[in-house]
Amino acid sequence: MTARRLDGTAWAARLRAELEPRVERFTDLHGRPPGLAVVLAGSNPASEIYVRNKIATVAQHGCRGELFRLPGTASVDEALALVERLNQDDDFDGILVQSPLPEGMGEDAEQRVFDAVDPAKDVDGFHPVNVGRLVQKRPALVACTPLGCAELLDREGIPLRGKHAVVIGRSDIVGKPMALLLLHRDATVTICHSRTVDLPAVCRTADVLVAAIGRPGFVTADFVKPGATVIDVGINRLADEAEVQRLFPEGSAKRRQFAEKGSVLIGDVHPDVEAVAGALTPVPGGVGPLTIAMVLRNTVTAAELRARAPI
Ligand code: NAD
């Protein structure tokens with residue numbers, strides 16, 4: 001069996017196109033487009049790419065996207081002051097603070113800065129008010145990555161009611177909100193993490209398996225029940241030739257890519273899973289594009305809710 005490929009790139013394009021009438025209507029009604037402010041502190045190369053993609057995507061679909069930079073040496077108070085200024089700025093409906101913040105800001109900086117974002121503008125869905133609303137299944141701005149995964153499962157018609165869904169990873173950004181979204185779709189949900197005993201055996205009972213760990217190729221074929229749906233959230237860049245050779249067979253597209261570029265992207269799911277799973281998201285081209293589409297959707301939703309315009 002070869003798993004059906006769940007094409008995140010195609011779904012993301014469709015989801016983004018569906019938002020265009022909402023953007024037009026908002027802009028006509030309010031004389032300005034929905035606005036997203038992205039805060040980037042320092043110059044982490046991966047973060048630079050993420051923020052560029054997010055801003056380009058919202059701009060492509062008629063919204064305003066603006067980058068606010070802070071130097072890598074900025075203090076947490078400077079970050080808090082910028083967020084407060086953006087909270088007060090009515091032209092911005094969404095505020096996204098790119099993680100990670102520079103280490104020099106201190107250990108609790110991310111929590112303090114994320115908590116300072118007005119919950120009505122919290123397009124990342126990280127604020128405790130939005131998390132609490134999600135727990136209670138009330139309307140909320142929900143974290144973009146798990147929201148994109150749930151949207152993909154819905155659109156692909158993957159059955160969830162009464163099914164066993166296993167989420168590997170318990171982060172506030174992916175694992176926990178993912179588990180809640182699956183629970184709200186009537187799945188029976190198990191959350192696994194680094195201390196779970198006999199992880200492969202637990203995962204093998206899953207009808208839907210979501211991997212959000214951050215370890216290249218960690219989920220091997222023995223974790224997967226034949227025919228299960230596997231959502232690979234992990235994005236790992238491999239630059240170690242021995243690792244690439246261990247994971248990908250000779251003559252494979254990934255080996256060729258590595259030879260050309262010196263690195264390849266791989267998810268948390270091992271390539272061998274393709275022979276066991278019923279459906280699988282690729283990396284890249286799976287969850288990543290859906291995350292960006294959900295940044296756009298949350299920005300439009302935040303704009304409509306703030307203006308009390310009908311959704
Ligand atoms: P995180 O480091 O905050 O959390 C990782 C989780 O994995 C933890 O809860 C931990 O308990 C669990 N874990 C670690 N080792 C484990 C093990 N040996 N066995 C079982 N569980 C283990 O990471 P995160 O922010 O949740 O991100 C997870 C992955 O998803 C990363 O690769 C990240 O790059 C990727 N990610 C992708 C997107 C996207 O848009 N596709 C967005 C966010 C994160």
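Read the numbers this way: they start at 1 and go in the same order the structure lists the ligands and their atoms.
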Of the listed options (D172, T145, V233, L199), which comes nearest to atom 36 (N) of ligand 1 when hydrogens are ignored and any heavy atom counts?
V233
In this structure, atom 40 (O) of ligand 1 is nearest to the protein heavy atom T291 OG1, 2.9 Å
Is a donor from one side chain sitting under 3.5 angstrom from an acceptor on the other, for T301 and E304?
no
Atoms of ligand 1 under 4.0 Å from any heavy atom of N236, numbered from 1 in the order shown, are 32 (O)
Atom 25 (O) of ligand 1 has as its nearest protein heavy atom S171 OG, 4.0 Å
For R4 and T229, which I'm curious about, is there any donor-acceptor pair between the side chains at under 3.5 Å?
no
Go through it in stages, so that I can follow the logic: the residues are E151 and R297, the test is salt bridge (charged side-chain N to carboxylate O under 4.0 Å, His left out), and I'd like the CA-CA distance, side-chain angles, deciding distance and then a yes or no.
CA-CA 12 Å; E151 191 69 39; R297 188 162 94 181; 2.9 Å; yes
At a 4.0 Å cut-off, with the gap strictly under it, does some heavy atom of I173 reach an atom of ligand 1?
no
Atom 8 (C) of ligand 1 sits nearest the protein heavy atom R170 N, 4.0 Å
N or O contact, S194 vs ligand 1, cut-off under 3.5 Å
yes
Does CD in E241 sit with more than 12 non-hydrogen atoms of other residues, nucleotides or ligands closer than 6.0 Å?
no
Considering only NZ, NE, NH1 and NH2 on the basic side and carboxylate oxygens on the acidic side, decide whether R112 and E110 come within less than 4.0 Å.
no
Side chains of D222 and T220 only: does a donor on one sit below 3.5 Å from an acceptor on the other?
yes
The atoms of ligand 1 lying under 4.0 Å from a heavy atom of I168, numbered in the order shown, are 20 (C), 21 (N)
Contact check, I213 vs ligand 1, heavy-atom distance below 4.0 Å:
yes
Backbone or side-chain N or O of V174 under 3.5 Å from ligand 1 N or O
no
Can a salt bridge be assigned to the pair E260 and R256 using a cut-off of 4.0 Å between side-chain N and carboxylate O?
no
Considering only non-hydrogen protein atoms, determine which one is nearest to atom 29 (C) of ligand 1 and report residue, atom name and distance to 0.1 Å.
G214 N, 3.7 Å
Taking atom 33 (C) of ligand 1 as the reference point, the nearest protein heavy atom with its distance
I235 N, 4.3 Å
Would A212 count as a contact residue for ligand 1, given that I'm defining contact as a non-hydrogen atom of the residue lying under 4.0 Å from a ligand atom?
yes
Which word best sums up how the rings of F223 and F218 line up, parallel for under 30°, tilted for 30 to 60°, or perpendicular for over 60°?
perpendicular
Flag if over 12 foreign heavy atoms under 6.0 Å of CD, E48:
yes
Atom 12 (C) of ligand 1 [closest protein heavy-atom partner, distance rounded to 0.1 Å]:
G169 CA, 4.0 Å
Closest non-hydrogen atoms of T57 and H61, given as atom of the first, atom of the second and distance, are O-CD2, 3.1 Å
Is G288 in contact with ligand 1, taking contact as a heavy-atom separation below 4.0 Å?
yes
What part of R215, side chain from CB on, backbone N/CA/C/O, both or neither, has a heavy atom under 4.0 Å from ligand 1?
side chain
Atom indices of ligand 1 within 4.0 angstrom of F218 heavy atoms, with elements
17 (C), 18 (N), 19 (N)
Hey, are R32 and D90 close enough for a salt bridge, meaning a charged N less than 4.0 Å from a carboxylate O?
no
